[in-house]
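Single-structure report; data block below.
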Amino acid sequence: MHIQSVLHPAGIEAALVSRLWWVMFWTCAVVWVAVAGAMLFAIRRGRTRVAPANERSVFRNVLVAAGISLVALVWLLFESVLTGRAQENVSTKDSLHIQVTGYQWWWDVQYENPVPSLQVTAANEIHIPVGRAVVVDLFAGDVIHSLWIPNLQGKIDLIPGRHNTLTLRADAPGIYRGQCAEYCGAQHAHMALVVVAEPAEQFERWLSANRAPAPAPVTPSQVRGKEVVERGPCAMCHNITGSLASARTAPDLTHIASRSTIGAATVPNTRGYLAGWILDPQHIKPGSRMPPTGLSDEELQAVLDYLETLK
Amino acid sequence: VSEGLTGVPLLTDQDERLTSDFLEGEERKLRDTWKYAEGFFGWCAETDHKRIGRRFVITAFVWFAMAGVLAALMRIQLSRPENTFLGPDLYNQIFTTHGTTMMFLFAVPVWLGLAIYIVPLQVGARSICFPRLVAYAYWMFLFGGIFLYTNFFLNTGPDVGWFSYPPLAGAEYGIGKRPDVWAQLITFSEVSSLATATAIVCTVLKLRTPGMSLNRIPLFVWSMLVVSAMIIFAMPAVMVSSTCLILDRLVSTHFFNQAEGGDPLLWQHLFWFFGHPEVYIIFLPALGALSEIISTFTGRPVVGYVSMILSLIATAFIGFGVWVHHMFATGLPQLGQSFFTAASIMIVAPTSVQIFNWIATVWTARRLRLTTPMLYALSFFFIFIIGGLTGVMLAAVPLDRQVHDTFFVVAHFHYVLIGGSVFPLLGTVTFWYPKLTGRLMSEGLGKLAYWLLFVGFNLTFFPMHLLGLAGMPRRVYTYPASMGWGGLNMLASLGAAVMALSLLIYLVNVVVSLRSGALAGNNPWGVATLDGATASPPPAYNFVPSPTVGSREPLWHSEISPPPVVGLSAAKREVLVTRVLDAEPDHRYEMPGPSIWPLVSAIATSVMFVWSIFNPWGVVWGSIPITAALVLWFWPKRGVPPARLAADAAAGHLTPREMVS
């Protein structure tokens, strides 16, 4: 229930904002009660005839009230600016760099590394180490998107032709959910991602596992599945390192079996959903860029067998 | 001849031109001179500000009803997780059309329409300035709405949001003609609003009755003056941007295409430079109307007249300096953003002065009457203020980056726009209904509708704050059940049903009261302004004789009102033009009568706008009929021969300047 909540921070940036929220909430609540209460009182007083008040002193009270609200406003302005500065000052020393590119309607994730063979490509799922700053470089592949992981940090837009960065640090391990927050077309509603914050050594294990190419298929059905992927429609768009499929216009499938969801966190990654997705993504996610594949039953089962090995 | 309050010599009450015999004769002549055009042709040629204003208001409410139905459809879709009532394609068209309609076809035109009707009455004029231009503005508004909904029903309704960000709305990603429909609707609405705003500014500055110096203008008129000025400054920004968008799509100009050196952020700057003032364009007329309602039902002038006006003007100014708070998530530099945070927070200050002035007014009421219009006005203090306070929260960059583009923002701006503009509007319509129709709306049905709306509104929109904080983004056609947003969404949808019921009752009240409402008389509520000095509904010529004013509340202080204006010809559509600052008589001016050319020009303009969506040559060929229509519209009339001027003078129809000598 709280995996996408602003008020359940799991990282320092979100915690700072959550604090700012409560400061503002209570200030505003007091102001609202004061103004609404004053109006109710004024209505009561206005209904009972009282001797006409001195116009000057009435207006003086107005000025005093306006002065008090001005003080409150300036205070909130300071709170806001100070929170922004505290967020800026979170140290990015020894940070992990991830590059996220938004496409209609999925996220391409690259773990940057000066050595190309050590780079890791994933999609729609980000693993991060707990307690270490992460700098996310944001790019847009088509239209404007916005990366928002409420438990960790506010959103920043991914804009074509621009490079934005988002700094975040998870302070508690857990699985969080993020979602595109800038309207980006038909399937804006189904452009989510999963963020897994895990202890450093677990994260390093995940990273090195993801550097490995896909294992060779073992059973005849898996072999057949790989063949369908390579010769069928899949290879037109997808990449599976270790196979002939090397296109880059759709999510990388090299480690698809290790992910918990498919379709940009649209449905759980189970054999049933995966089968439905492969046959007709338009049923689950109408407007999605992936067309129905038209695989036969035998081909489908083989592909599923093969994909399940891509841990 | 005695010294009037404005320093201009005016006639005394004893003048023969004020005897009832003479006035009856005048009235007969005026009725003939100003009579409404008749028949279907006359209906098309009508330029009377009351008829046009009424059409504006009714048409705007028709679009409001359409957009309301769309809102109901969205609430049905979102009432349950993973609902399949609407698909993404239709849902996206619906939310775009809902927002576009509410902003461009309802919230602005409805207040402009009321102003077209009421402002000339409140300033004591016989007509609005440029009546034919106003008629043209109405037709453009009507055709724009028809154009949008025709496309919506043909499944080519815009689906890229009411803000139409490129590249999603650009040539590459905007499917078919849908974004063009949006951009051309904006063009229709720009033309209409600019024309109306010009007419209102001129009316307020030049047609005020003698005695109504700047410091005696009613607060509603002040607010419409400020709003019209804002329209004149804000609309060009969206005019430029929507034109560039159309050009990008039509002839590949690449204004917003980064691959060819354009910039998608340029669009956002231009759009919000218009878009944020737009919010105040919707909100400030309501502030003016609130002042009239609160003043009337407390039986006293609003506290702090000058501070009310300065607040309006300050809000208008600062309103142009806050647009970047719609773009805090675009990654602009932090120092730059903090200036916009400061401006966005500080814009609350002038509004708070107004709010405290109103509270003080109620506090020191002479006679407080809790009528239906007053209830609507008072709910502003409970609903709008929540929206204002969440607005302060959204001005804070760190917080905004969390709740921007979530349901928190949806809640925020519905509290601001419904609490700050629609509640006051429904109160204002109830308030001026008798002036428009001659009958009062039922108080019983009115209060029932009011309380249902109050409850339904809060039930609908309050839960959305919580949904936003729980992570629900805006503009999603569905959401997974596992997110746990279902309960609050269901509550919001039930609230929407209550709102729909309330608005239905309001509509029934409007229709039934047309026949069965109590007769209103000239001034049923006891207003202080000149609109109460004429019949309900007013005659075509508004006033005979035209009143002048000696105070801010002329009808409450009739003892110090100078004698009325005399010397305007009853044989011509003559109005008295006065000076900008002190409203001293300047000269007489003959207003044009009904004309078919505004309609013909509007048809020609609409053809060009629609044609240009499909073919750039539409602009070329389409502008020929427009030019022809405009030339015929402005074909000069023969001047008045000197002999007739002399005859006029002999008959006593003197210009004020001649009167003075």
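In what follows, chains carry the letters A, B, and so on, assigned in the order in which the sequence lines appear, proteins first and then strands, with residues in each chain numbered from 1.
Proximity to chain A is absent for every atom of P350(B), based on heavy atoms less than 4.5 angstrom apart. For Q268(B), the part sitting under 4.5 Å from any heavy atom of chain A is the side chain, from C-beta outward, and nothing else. Neither the backbone nor the side chain of F380(B) comes within contact range of chain A; no heavy atoms are under 4.5 Å apart. Both the backbone and the side chain of V353(B) come within contact range of chain A, each with at least one heavy atom under 4.5 Å from a heavy atom of that chain. With a threshold of 4.5 angstrom between heavy atoms, A140(A) does not approach chain B through any atom at all. Contacts of S69(A) with chain B are made by side-chain atoms alone, with heavy-atom separations under 4.5 Å and no backbone atom involved. Residue contact with chain B, scored on non-hydrogen atoms closer than 4.5 Å, involves the backbone and the side chain of V74(A) alike. Neither the backbone nor the side chain of T298(B) comes within less than 4.5 Å of any heavy atom of chain A. Contact of F381(B) with chain A is made through backbone and side chain together, with heavy-atom distances under 4.5 Å.
Between H465(B) and F407(B), the gap from one ring centroid to the other reaches at least 6.0 Å. A centroid separation of less than 6.0 Å is found between the aromatic rings of W363(B) and F41(A).
In terms of heavy-atom proximity, I144(A) sits nearest to P160(A) at CG1-CD, 3.7 Å.
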Would you give me the side-chain donor-acceptor pairs under 3.5 Å for residues 179-195 of chain A, sequence neighbours excluded?
| residue | atom | partner | partner atom | Å |
| --- | --- | --- | --- | --- |
| Q179(A) | OE1 | Q4(A) | NE2 | 2.8 |
| Q179(A) | OE1 | R177(A) | NH1 | 3.2 |
| Q179(A) | NE2 | A189(A) | O | 3.3 |
| Y183(A) | OH | N92(B) | ND2 | 3.2 |
| Y183(A) | OH | D159(B) | O | 2.7 |
| Q187(A) | OE1 | H190(A) | ND1 | 2.8 |
| Q187(A) | OE1 | Y477(B) | OH | 3.4 |
| Q187(A) | NE2 | P286(A) | O | 2.7 |
| Q187(A) | NE2 | Y477(B) | OH | 2.9 |
| H188(A) | ND1 | E182(A) | O | 3.3 |
| H188(A) | NE2 | R474(B) | O | 3.4 |
| H190(A) | ND1 | Y477(B) | OH | 3.4 |

Distance-only donor-acceptor hits, side chain of residues 326-333 of chain B, under 3.5 Å, sequence neighbours excluded:
| residue | atom | partner | partner atom | Å |
| --- | --- | --- | --- | --- |
| H326(B) | NE2 | H276(B) | ND1 | 2.8 |
| T330(B) | OG1 | M327(B) | O | 2.6 |

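We find that D171(A) and R169(A) are joined by a salt bridge, their nearest charged nitrogen and carboxylate oxygen being less than 4.0 Å apart.
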